[in-house]
Every structure is written in C-alpha cells, then in structure tokens.
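Structure first, commentary second.
We number each residue from 1, following the sequence as shown. Whatever order the structure lists ligands and atoms in, that order sets their numbers, starting from 1.
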Amino acid sequence: MARPNEDVEALLQEYADLIAITGGDAFKARAYEKAARAIGGHPGDVSRLDVAGLKEIPNVGTSIAEKVVEYVRTGRVEAVEESRARIPAGVRQLIAIPTLGPKKALTLYEDLHISSVDELADAIRAERLRGLKGFGEKTEQNILHGIDLMRQAGGRILLSTAAEAAEEIVAGLSRIPGCEQCAHAGSLRRMRDSIGDLDILVAADRPAPFMEALTELPSTAEVIAHGQKKTSVRTVKGVQVDLRVVRRDSWGAALQYFTGSKAHNIRTRTIAVRQGLKLSEYGLFGARGGRRVASRSEEEVYARLGLPWIPPALREDRGEIEAAQRGELPEVVTEADIRGDLHTHTDLTDGLAPLEEMVAAAARRGYAYYAVTDHAPNLYMQRMTDEKILAQREQLRALDGERRMRLLHGTELNIGPDGEVDWPDAFLAGFDLCVASVHSHFGLDRRAMTRRLVRACENPHVNIIGHPTTRLIGRRPGIDVDLDEVFAACARTGTALEVNAQPDRLDLGDEDILRARSHGAKFAINTDAHSIPHLAYLRYGVGTAQRGWLTPEDVVNTWPLRRLRGFLRKHPGG
Ligand code: DGT
Ligand code: CA
Ligand code: CA
Ligand code: ZN
C-alpha cells in the first residue's frame, strides 16, 4: 500500500456510505465517518499498528480497529464486501454524483428504477421526478448541476494527490544512476487547482533505464505507452503519468516547453519567431542556420527572448508576458514569506489534535505567530460554549511565547443567513481575531447572499472571510454571490479574504483572487488545519495565491505581528 492511511480512510468512508444507503444505523455510519477522518489525519503509518495501537487514535474503537488490521493483512474487509454486494452497481454510480445523497439515490433506484447517471439525466428532462417525495424543482437543478460537475471533473485529480504522486516518482527516478536532473512540469508545476496528468522530466544520456523504472514502480498499475522519448503509465490511484527523458543540454528548453501552459508557450514561440528564432522542446535555434542559441536552463531561454525568468504559477498568458517585457512582474509571495497561520482547529471542536500539539507543530514550522480558531456555537454539532472557549483562551495564554512564537486566540464564526454571527459584540471583543465563514444556507438567492456577506464584512469584529465561495473542487459549486460587491466591501472595511489551502477548497481560487486584488482587498493564506499534517497544506494555498499574482504586501500573514495587529483592529486610528 503506497499510502495506507489514505487507503484506510477511503475504505471506512465507503463503508459509512454503504451503511447509510442500506438504511443502517445512522449512528454507526457517523462513527465510521469520524474514524475515517481520524485515520486520514493521523501522522503515523496506521499499517504498522496493532488493534491496541489503533485504538489510541481518537474515534477508533475495537471493531473499527479490527477491520483496519484485517484490511492491512488481507487487502479486504469481509463486512465491507458484504455491504458492497447488497447494493446494485447502478445505485453506486448514482451516489458518485456530488449533489445526490445516498437516500435520494436509493429512492430513485427503487421508485423509478433509475440505475445510471445518463438515465437520471434523461428522467429529469422528461420530468419523471416530479411528484417524487422530497424532489422539488430545486433538487432537480442541483442534481443536474452535480452531473455537470462530475463530468467536468472527468478524470482530473486534486493538486495534493498529484503533488504526492509526483514526489514519489521523482524521488524514485532520481536514485537511478545517470540521472542528471529530474522534476515535474505541466499544470502541477503551475499549481493549478486540479491536474489532468503528471508530466515528469528527466535529463540523462540514456533514456531506457528511466522508462523501464517507471513501468516497474510499485505504484504503476498499467502501462499505456512505452517508448524511448515518452512513456505513459497509470498509477493504482488512476493518475496518468507522462515521462520524457531529454539530453542534459536541452533541459531548460524541455522544462519550459512541458511546463506550459499551452497559451503561454504560444506567446513565447511567437516572440522567438519575431526575433528570427525557433523555440521547441529541444532549444531555441536560429531559424535559418538551425544553430542552437539557448537551451540549458529556463533562465537562459527566457533571457534570449528578452524576458526575465517567469514563475511557473504565472504562465497562463494572463498578462505575465507584457508585465515581464515592462520589467513589472510581481514578486509573488512564497512559503518562506508566511509568518503564521490564521485559521486552525483543535480537538476542542472538529480538529484531531489537542491545542498543545497543534501549537508545538506550528512552532516547528518556525512561525512567528499562530492563531487558533475553533468553531463557534451556531455550528451546533460542534457543541461550543462560552466556558469552553474561555478555558481554551487561558490554556493558550499559558503557551504563548514558547519558542518565541506568539499565539492569537480566535474563533471561526458562522455567517448566518442575514449576515449575523455567533456571540454578542462584547464577547467577540475578547478575541484577538475572528474568521467568519458560510457553513449553512448555501442556496440563498444572489441578492440575499451578497447582502449576507457584505454585512459580515461590515461587522467590526470580523477580520477574515473564511473559504469565501465555499466551493468543493469537483463536488460542490461556489455560492451564487456578487463577488465584486463582496470584494469591494472587504477593501472598504479592512476585512481580509481567505485563500484557504485545503486542497479540495483552494478558496478563493486564482481568478477570484485576481479580481479581489483589483478592488484593493487584502488576503490571508490559511490552512484551516484540522490535524498536524494539514499545516503543510500551506504550500497549495501559496501556489494558488501566486496564480492570483499576490505579493507579500497583499497578504496580511506575511506582515510582522505589530502591523498585523493594526490590521486586526480594522479601523486604525479610528
Ligand atoms: P493538465 O495535464 O490538463 O492538467 O494540463 P497541462 O498544462 O499539464 O497539459 P498537458 O499535460 O497536456 O501538457 C503539458 C505541457 O506541455 C503543456 O502545459 C504545454 C506543453 N504542450 C503540450 N502539448 C502542446 C502543444 O500542442 N503545443 C504547445 N505549445 N505546448 C504543448
Ligand atoms: Ca499535465
Ligand atoms: Ca501530459
Ligand atoms: Zn475552519
């Protein structure tokens, strides 16, 4: 098993869904769901634990621990196999639609005998769902939208899944004798929020050993094409990988070519042509004589075109060529610029690790400051109370300053349908900062949704709008809202917009960031960590921010603490 924790998480989550569909105990389904998340977020390798060791993980009891051991030992779990066998394949296909829950899927199957996504789409168009209990016109729209999302997502994977797979492959190929260079290119290097396939490059004299090695990696499930220039495989997780081996002296040109984007490359090739040159994956050549004029490094290739090196996240032909020609490329924010995380959770609400452990892990990252922002009471299932959050504040103050990291006590408020938030003003004034997010009422109409978010910005205690659109990549669309109005309100009121680094959110996304920035809004790049490993998601947030052209000046959590505190007061001098 390449990543045992993730495999076990997926299996337990599937089991929870299966229990729900077969009309099983809702409590039991929830227990499996919680255990799935706990195991996914567990920092150690669960395949090395016995039943006793597994039970030390929060939310993992004896029977779940035994199933995990069974899975690690045999690769399957009898109980899960039995549940799978009880559910028709068609229903399983329906559940994969992001906006359709297990219960509705079962109703459609039993009442209308719908057993495929295409049949469902046809049935909606033929208005056959009308009259089914629990299916209004709005539900139909949601389902159709879910089908769209599923088809668009078609085969694309999350940035984090791609990055983890690429790291393993690059590490494996780098160990092979004769490897001069090895790196990933393509949309992953540009840090797009979803990735079609992985593009891996090697510089070496002899391609054969690398091509061979890729087909033989333990993670390789299927060889799609095997050649001297390019080999393509599919991994056990369904990720397609293209490997190209080039000669050392074309490394820079190949890296530039295969990083893309296509649109960016069209521009660079046009510039070459205007200078009487020809740009390909092998190098930059004199058009007539064919003499090679640049190819060893990307810097050299760009320089010969009269351009500075352009950060990969900017290479989308969204103005970066013109900015580069004018010498006005932004100095985009990097991971090293981030001084602290401003949206994180502990096990006081739905996080997995206790406060001290989260704080210690943050300190190991070298942060100057760190905010703890557990959920506020209106998210009822989190059972937050005044007493609990105040006790946490005391505990946090006692840890403040250890390893010279300053702690901020915050909370993640819930923006209600009218823009109201949890707790009265006097209580909110006791926090160092408040994140406020939409966690409910996703279906308000555009006007009401816009007013709701603008009101939240106008609240003097709200400092950051968390995951502003609430989209889940490939699963849930963002809310319907006039973002320009919200961005303008953020700029006007001194409220930052979050770039949430959770790989299935990346919210705001790159294009929204570009728009928000043009309104003069500020940003906070946060992990929304619910466990220690989540703190490392920061890099995906930073990549997304780079794609939105953000500089450290735009991002409040790159600022020194004094300046950040001024921003958190919202009305400096006022
Ligand atoms: P993806 O895989 O869909 O997430 O997106 P990319 O950008 O990784 O696209 P991919 O894998 O098809 O190709 C990798 C890079 O190779 C692409 O960004 C630019 C370059 N490339 C591929 N095909 C062409 C082409 O026909 N013309 C040009 N100029 N560049 C190409
Ligand atoms: Ca690609
Ligand atoms: Ca490719
Ligand atoms: Zn959160």
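Numbered from 1 in the order shown, with element, the atoms of ligand 1 that lie under 4.0 Å from a heavy atom of Thr259 read 18 (O). Contact atoms of ligand 1 toward Gly196: 1 (P), 2 (O), 3 (O), 4 (O) (distance under 4.0 Å to a heavy atom of the residue). Every atom of ligand 1 with a heavy atom of Ile195 under 4.0 Å away is listed here by number and element: 4 (O).
Checking His343 against the Zn ion (ligand 4), an N/O/S atom falls under the 2.8 Å cut-off. Checking His345 against the Zn ion (ligand 4), an N/O/S atom falls under the 2.8 Å cut-off.
Taking only nitrogen or oxygen atoms, main chain and side chain alike, Gly186 does not reach within less than 3.5 Å of ligand 1. Considering backbone and side-chain atoms alike, Arg269 places an N or O below 3.5 Å from some N or O of ligand 1. Residue Ser187 places at least one N or O, backbone or side chain, under 3.5 Å from an N or O of ligand 1.
For the pair OE1 of Glu412 and OD1 of Asp528, the angle whose vertex sits at the Zn ion (ligand 4) is 180° to 10 degrees. Geometry at the Ca ion (ligand 2): OD1/Asp197 and OD2/Asp199 form an angle of 100°, nearest 10 degrees.
Checked against the 6.0 Å centroid threshold, His439 and His375 count as a close aromatic pair.
Considering only non-hydrogen protein atoms, atom 21 (N) of ligand 1 sits nearest to Tyr257 CE2, 4.1 Å. Nearest protein neighbour of atom 3 (O) of ligand 1, counting heavy atoms only, is Arg156 NH1, 3.1 Å. When only non-hydrogen protein atoms are considered, atom 10 (P) of ligand 1 lies nearest to Asp199 OD2, 4.1 Å.
The backbone N or O of Ile415 sits less than 3.5 Å from a side-chain atom of Arg452, completing a donor-acceptor pair. The main-chain N or O of Arg339 is never found under 3.5 Å from a side-chain atom of Asn557 such that the two would form a donor-acceptor pair. Side chain of Gln502 to main chain of Thr527: a donor-acceptor pair is present (N/O by atom type, distance under 3.5 Å, no hydrogens or angles).
At least one heavy atom of Lys262 lies less than 4.0 angstrom from ligand 1. Taking a 4.0 Å cut-off on heavy atoms, Ile266 fails to register as neighbouring ligand 1. Taking 4.0 Å as the cut-off, His264 does not count as a neighbour of ligand 1 on heavy-atom distance.
With rounding to the nearest 0.5 angstrom, the OH atom of Tyr302 is 4.0 Å from the CD atom of Gln256. In this structure, OH on Tyr282 lies 12.5 Å from OG on Ser295, to the nearest 0.5 angstrom. Atom CD in Glu356 sits 10.5 Å away from atom CG in Leu396 (nearest 0.5 Å).
By the criterion of a heavy-atom distance under 4.0 Å, both the backbone and the side chain of Asp197 are placed next to ligand 1. Of all the heavy atoms of Asp242, none lies under 4.0 Å from any atom of ligand 1, so neither backbone nor side chain is involved. Only side-chain heavy atoms of Arg190 come within less than 4.0 Å of ligand 1; its backbone N, CA, C and O stay farther off.
Salt bridge Asp317/Arg267: present, at least one basic N to carboxylate O contact under 4.0 Å.
Taking the six-membered ring for Trp and thresholds of 30 and 60 degrees, Tyr370 and Tyr367 have nearly parallel ring planes, at less than 30 degrees apart.
By the definition of a contact as any protein heavy atom under 4.0 Å away, atom 1 (P) of ligand 1 is in contact. Under the 4.0 Å distance rule, the nearest protein heavy atom to atom 29 (N) of ligand 1 falls inside the cut-off.
When Arg471, His467, Glu498 are each tested for a side chain to side chain contact (heavy atoms under 4.5 Å, CB included) with Arg505, only one passes: His467.
Donor-acceptor pairing under 3.5 Å is lacking for the side chains of Asp510 and Thr544.
Between atom 18 (O) of ligand 1 and the options Ala254, Ser194, Gly260, the minimum heavy-atom separation is to Gly260.
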For this session: Show your reasoning for whether side chain to side chain donor-acceptor pair (under 3.5 Å) applies to His343 and Glu412.
Result: CA-CA 8 Å; His343 179 176; Glu412 182 178 11; 3.0 Å; yes
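In this structure, Glu511 places its CD atom where only 12 or fewer heavy-atom neighbours from other residues, nucleotides or ligands lie under 6.0 Å away.
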